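Structure first, commentary second.
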Amino acid sequence: MRKGSVKNNRINNEVMRELGVIIRDLKDPRIGIMTTVIAVEVATDLKTAKVFISVLGDDQAKADTIEGLKSAKGYIRRELAHTINLRNTPDLDFILDESIEKGMAMERKINSLNIKKDEDEVED
């Protein structure tokens, strides 16, 4: 199976959807309420998967969430094996993805520049 194949994309989407449900149902208090699975990249041999996680909150909440997910990795993998019928259930590697927060910060900067530009035009 090639990396960009239709089958690989379908597996990535299915694993992402199921992980979202499984993580939402976890009872660990370290895992933040606003935790989202952004993307999943399953290796072509189905042995490993990179799971990109976005957490809304401060740095401590992000660190706690990643630690909680890493400690629950075995449970999450077992639940994933029950819900998805794959030859191999991939070993999960949770990676914090801050691209959404960086995008929001950039949008705030652009908006503040636009507001300042509009105020300067009104003064003229």
Side-chain angles (χ1 to χ4, degrees):
M1 179 172 52
R2 289 177 298 175
K3 187 167 181 138
S5 69
V6 173
K7 183 178 179 182
N8 195 345
N9 290 337
R10 195 170 58 232
I11 289 172
N12 288 342
N13 289 334
E14 185 65 25
V15 170
M16 182 175 75
R17 186 175 322 121
E18 291 300 328
L19 284 176
V21 172
I22 293 168
I23 290 172
R24 192 175 322 118
D25 293 341
L26 289 176
K27 304 285 191 246
D28 193 335
R30 295 177 290 181
I31 298 173
I33 296 171
M34 297 300 290
T35 301
T36 308
V37 179
I38 299 297
V40 174
E41 292 178 3
V42 178
T44 56
D45 62 355
L46 303 176
K47 300 266 187 206
T48 61
K50 294 179 184 176
V51 182
F52 297 94
I53 301 291
S54 175
V55 180
L56 191 63
D58 60 352
D59 291 337
Q60 184 63 39
K62 293 175 186 177
D64 289 345
T65 298
I66 293 297
E67 282 301 313
L69 289 173
K70 286 182 180 178
S71 70
K73 186 189 303 190
Y75 171 78
I76 295 170
R77 187 174 181 209
R78 185 176 71 240
E79 290 299 311
L80 186 63
H82 289 304
T83 57
I84 296 180
N85 186 15
L86 291 174
R87 186 174 347 121
N88 298 318
T89 303
D91 185 34
L92 305 173
D93 183 25
F94 295 102
I95 301 169
L96 184 63
D97 185 8
E98 296 181 341
S99 61
I100 292 176
E101 290 181 0
K102 289 179 181 178
M104 289 172 50
M106 186 63 70
E107 184 177 357
R108 281 192 296 267
K109 290 178 183 178
I110 291 171
N111 287 339
S112 68
L113 289 174
N114 285 337
I115 291 171
K116 185 176 179 183
K117 179 183 173 189
D118 291 342
E119 289 174 356
D120 290 343
E121 288 176 0
V122 171
E123 290 177 2
D124 291 339

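All figures in this text were calculated on a predicted structure; none of them were measured in a lab. Just so it is clear, the values below take in all heavy atoms, side chains as well, and ignore hydrogens, waters and symmetry mates.
When every heavy atom of Arg30 is checked against every heavy atom of Ser71, the shortest pair comes out as NH2-OG, 2.7 Å. Gly32 and Thr35 make their closest contact through O-OG1, 2.7 Å (heavy atoms, listed as atom of the first residue, atom of the second, distance). The heavy-atom pair separating Ala81 from Thr89 by the smallest distance is CB-OG1, 3.3 Å.
A distance of 4.5 Å separates CD1 in Ile31 from CG in Leu26, rounded to the nearest 0.5 Å. Here CG of Asn13 is found 10.0 Å from CG of Asn8. Values are rounded to the nearest 0.5 Å. The distance from atom CD1 of Ile22 to atom CG of Leu69, rounded to the nearest 0.5 Å, is 11.5 Å. In this structure, CG on Leu80 lies 13.0 Å from NZ on Lys73, to the nearest 0.5 angstrom. Atoms CD and CG, from Glu67 and Asp28 in turn, are 10.5 Å apart once rounded to the nearest 0.5 Å. A distance of 12.0 Å separates CG in Leu92 from NZ in Lys70, rounded to the nearest 0.5 Å.
Residue-environment remark: NZ (Lys47) stays at or below the threshold of 12 foreign heavy atoms within 6.0 Å. Taking a 6.0 Å sphere around CD1 of Ile33, one finds it holds 12 or fewer heavy atoms contributed by other residues, nucleotides or ligands. Atom CG of Asn114 sits in a crowded spot, with more than 12 heavy atoms from other residues, nucleotides or ligands closer than 6.0 Å.
Of the residues Met104, Lys102, Glu98, the one that meets the side-chain contact (heavy atoms from CB on, under 4.5 Å) test with Ile100 is Met104. With Leu19 as the partner, the side-chain contact (heavy atoms from CB on, under 4.5 Å) test is satisfied by one option alone out of Ile84, Thr83, Ile76, Ile53: Ile76.
Cluster annotation: Val55 is not connected to Val21 through the hydrophobic network of ILVMFWY side chains, with a link wherever side-chain heavy atoms come within less than 4.5 Å. Linking Ile, Leu, Val, Met, Phe, Trp and Tyr whenever their side-chain heavy atoms come within less than 4.5 Å leaves Phe52 and Ile23 in two separate clusters. Hydrophobic clustering keeps Ile38 apart from Val51 (ILVMFWY residues linked when any side-chain heavy atoms are closer than 4.5 Å, directly or through intermediates).
No side-chain heavy atom of Ile66 sits under 4.5 Å from any side-chain heavy atom of Lys62. Side-chain contact between Leu113 and Lys109: absent, with no pair of heavy atoms (C-beta onward) separated by less than 4.5 Å.
Between the side chain of Asp97 and the main chain of Ser54, no donor-acceptor pair closer than 3.5 Å is present.
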